[in-house]
Amino acid sequence: MRGTMSAEGDESVMRMTWDIFCSVVDNYGDIGVTWRLARQLVAEHDLDVRLWVDDLTAFVRVCPSADVQLAEQCQQGVSVRHWPAEWQPVMPATVVVEAFACTLPAAYVAALASAAQPVLWLNLEYLSAEDWVAGCHGLPSPQGNGVQKFFFFPGFVEGTGGVLREADLLVRRDSFQQDPAAEQAFLRGLGVDPAPGARLISLFAYENTGLDEWLQVLADGSQACHLLVPEGRVLADVQRWLRLSSLHVGAIDVRGALTVQILPFVSQDDYDRLLWCCDFNAVRGEDSFVRAQWAGRPLLWHIYAQAEGAHWDKLEAFLVLYLQGLSPLAQAALSDLWRAWNAGQGMAASWQALQLHWPEVAEHAERWAAQQAARRDLAAGLVQFYLNWL
Amino acid sequence: MIRGLEIRIPHPNPDISMKTAQEMKPNSVALIDGQPWLIQKAEFTKSGRNSAIVKMKLKNLLSGSSTETVYKADDKMEPVILDRAKVTYSYFSEPNYVFMDEEFNQYELNQDDLESVLPFIVDGMTDVCEAVFFEGKVVSVDLPTTIVRQIAYTEGSARGDTSGKVMKPAKLSNGTEVKVADFCEIDDWIEIDTRTGEYKSRAKAPV
């Protein structure tokens with residue numbers, strides 16, 4: 001029977017089953033988060049996980065070994081299923097996670113209501129540092145069908161569901177960052193060969209009119225910078241600034257002190273290594289934003305813009321948490337930079353101001369990662385939520 | 001003597017349509033798993049990527065138990081159409097607030113029942129409110145969308161602004177704090193939107 005906890009010494013009992021539903025709305029945040037979560041639940045919690053994805057093309061981007069044609073495939077221990085437009089009935093799992101408020105198939109919801117054993121239905125929400133999150137995390141959402149549904153909110157403070165972090169992530173990061181040969185080999189594998197002493201910067205962002213001024217100040221600066229740009233939405237802005245008619249993966253262009261190099265879209269594990277290699281990471285959305293924090297390096301967040309400017313409250317809420325412990329001047333420099341970037345405004349002044357506080361900001365990034373790592377991670381939080389619910 | 005428990009049956013309405021959680025307002029009732037739940041409080045919040053949630057405080061009208069819940073803003077809920085009657089606020093009799101209808105029937109509600117409107121209940125208020133009934137029992141009271149209240153205290157104008165765009169805190173006689181236009185003064189009467197709790201404009205004293 002599906003959904004039974006494995007019992008020691010009883011090989012006939014199957015592992016506890018989880019269904020994770022991911023509807024790819026845009027970009028790679030939905031699939032990025034759910035794929036990480038699914039992998040971690042399998043690897044660290046010995047769970048039987050099905051990841052239902054409605055867009056396998058997006059999945060293949062974050063998991064290049066996957067086959068876009070297969071309706072069902074096993075990747076790193078996760079049963080990855082295509083979520084078809086015309087849903088075919090399946091037996092529900094013990095725990096069901098609808099990621100980012102996606103809408104489950106009606107037939108699946110009906111099956112939840114008639115399941116032989118109670119099913120825990122969780123809506124895994126978006127990550128936010130806002131105060132209201134702790135007041136909503138874990139609350140029930142009674143449905144008309146008798147199924148028990150709850151909201152699970154990721155977050156950075158006590159009372160929230162934490163953020164995704166594999167158990168050995170920081171150990172692997174430290175090992176990698178303390179091994180120059182490993183870093184060099186990884187970069188060489190991507191075709192990256194930075195000049196000695198050059199500052200490495202990764203750039204993963206949405207379209208941004210503020211990019212021109214930032215790239216110009218990097219080009220005009222005295223510090224050599226090597227900008228690594230994985231394929232993505234910001235590429236057109238980079239191309240415009242470079243005044244090139246086309247820009248492709250592998251391209252390397254030099255403007256003053258700035259070298260710009262276009263990278264392929266890499267797997268999640270390689271993206272982590274890229275972040276660990278860089279001295280500064282510009283990231284976007286939710287998944288890369290969290291991974292950049294774990295890198296323990298200074299970062300710049302391009303938040304997902306929302307109607308009526310709702311994203312500004314979220315940006316400011318995170319800044320309130322993240323800036324704690326920095327000197328007032330460093331706080332001002334970093335927050336000015338983040339605000340300018342998200343407003344699409346020029347960043348020359350704020351970037352230059354940040355240089356004056358670079359050692360402090362770099363040390364702070366490490367401290368922040370360590371502080372957050374002391375909290376329970378999101379996958380463990382979900383499993384504990386289930387155990388408490390039983 | 002308190003009367004107020006006349007039998008009033010909810011309207012059976014087979015054509016009733018579902019509403020989204022976002023459309024369900026405080027003092028409305030939703031049927032969830034066959035149980036009538038009074039929405040005592042509803043807070044709309046944008047969660048992420050243009051989606052939203054509504055955090056609700058619900059009271060079970062059969063058991064009297066309360067709970068906090070969260071819904072997606074577009075989750076469908078089944079509203080219960082309830083009887084309503086015009087009432088006015090009479091007096092406070094610890095621990096209840098007493099309202100009276102046109103036939104002098106009195107209805108008692110406690111602080112918990114009135115959570116969403118309590119900030120605007122003041123002695124001497126003359127607003128014509130709506131008492132809400134479930135199976136003959138009064139369960140809540142709705143205030144008019146716009147009410148007029150007097151400022152009990154506010155600081156003087158800091159900037160001399162006359163545009164109404166610069167706001168400052170002010171207190172009503174019951175201690176409720178409202179942001180008002182900078183030009184408002186103590187004893188001024190103001191209009192308040194009870195759906196948002198926000199100041200609308202300066203007003204004439206009620207007759």
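Sequence lines set the chain letters: A, B, ... in the order given, protein chains first and strands last, and positions in each chain run from 1.
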Asker: Quickly, which of W52(A), W121(A), Y108(A) forms a side-chain hydrogen bond (donor to acceptor under 3.5 Å, both in side chains) with E98(A)? Name it, please.
Answerer: W121(A)
Asker: Between F21(A) and P105(A), what is the shortest heavy-atom contact and its length?
Answerer: CE2-CD, 3.9 Å
Asker: Minimum heavy-atom separation for V141(B) to C129(B), with atom names?
Answerer: CG1-CB, 3.6 Å
Asker: Do NZ/NE/NH1/NH2 and the carboxylate oxygens of K25(B) and D142(B) come within less than 4.0 Å?
Answerer: no
Asker: Please tell me whether N27(B) and E130(B) have a donor and an acceptor in their side chains that are separated by less than 3.5 angstrom.
Answerer: no
Asker: Side chain from CB out, backbone as N, CA, C, O: work out which of these in S47(B) comes under 4.5 Å of a heavy atom of chain A, or both, or neither.
Answerer: both
Asker: Relative to chain B, which of A305(A), G135(A), G29(A), S128(A) shows the most heavy atom pairs under 4.5 Å?
Answerer: G135(A)
Asker: Tell me the closest heavy-atom pair linking Y126(A) and G48(B), and the distance in Å.
Answerer: CE1-O, 3.3 Å
Asker: Does anything in residues 111-121 of chain B reach chain A? List residues with heavy atoms under 4.5 Å apart, or say none.
Answerer: none
Asker: Which heavy-atom pair separates C184(B) from I151(B) by the least distance, and what is that distance?
Answerer: CB-CD1, 3.7 Å
Asker: Side chains of S23(A) and D54(A): do they bring a donor and an acceptor to under 3.5 Å?
Answerer: yes
Asker: At a heavy-atom distance under 4.5 Å, which candidate from V25(A), L127(A), I303(A), N145(A) has the highest pair count against chain B?
Answerer: V25(A)
Asker: So which part of Q143(A) gets closer than 4.5 Å to some heavy atom of chain B, the side chain, the backbone, both or neither?
Answerer: both
Asker: If every non-hydrogen atom of F151(A) is compared with every non-hydrogen atom of K72(B), which pair is closest and at what distance?
Answerer: CZ-N, 3.6 Å
Asker: Taking side chain as everything from C-beta outward and backbone as N, CA, C, O, which of these in D75(B) sits under 4.5 Å from a heavy atom of chain A? Side chain, backbone, both or neither.
Answerer: side chain
Asker: Between R49(B) and D30(A), does any NZ, NE, NH1 or NH2 come within less than 4.0 Å of an OD or OE carboxylate oxygen?
Answerer: yes
Asker: Show the nearest heavy-atom pair for residues T154(B) and I186(B), with the distance to one decimal.
Answerer: N-CG1, 3.5 Å
Asker: Under a 4.5 Å heavy-atom cut-off, does chain B meet the side chain of F153(A), its backbone, both or neither?
Answerer: side chain
Asker: One thing to verify: whether K314(A) and E130(A) come together as a salt bridge, which I'm taking to mean a side-chain N less than 4.0 angstrom from a carboxylate O.
Answerer: yes
Asker: Heavy-atom cut-off 4.5 Å, strictly under: side chain, backbone, both or neither for D313(A) against chain B?
Answerer: neither
Asker: Parallel, tilted or perpendicular for F92(B) and Y97(B), by the 30°/60° rule?
Answerer: tilted
Asker: What residues of residues 53-69 of chain B sit under 4.5 Å from chain A when you count only heavy atoms?
Answerer: I53(B), K55(B), T67(B), E68(B), T69(B)
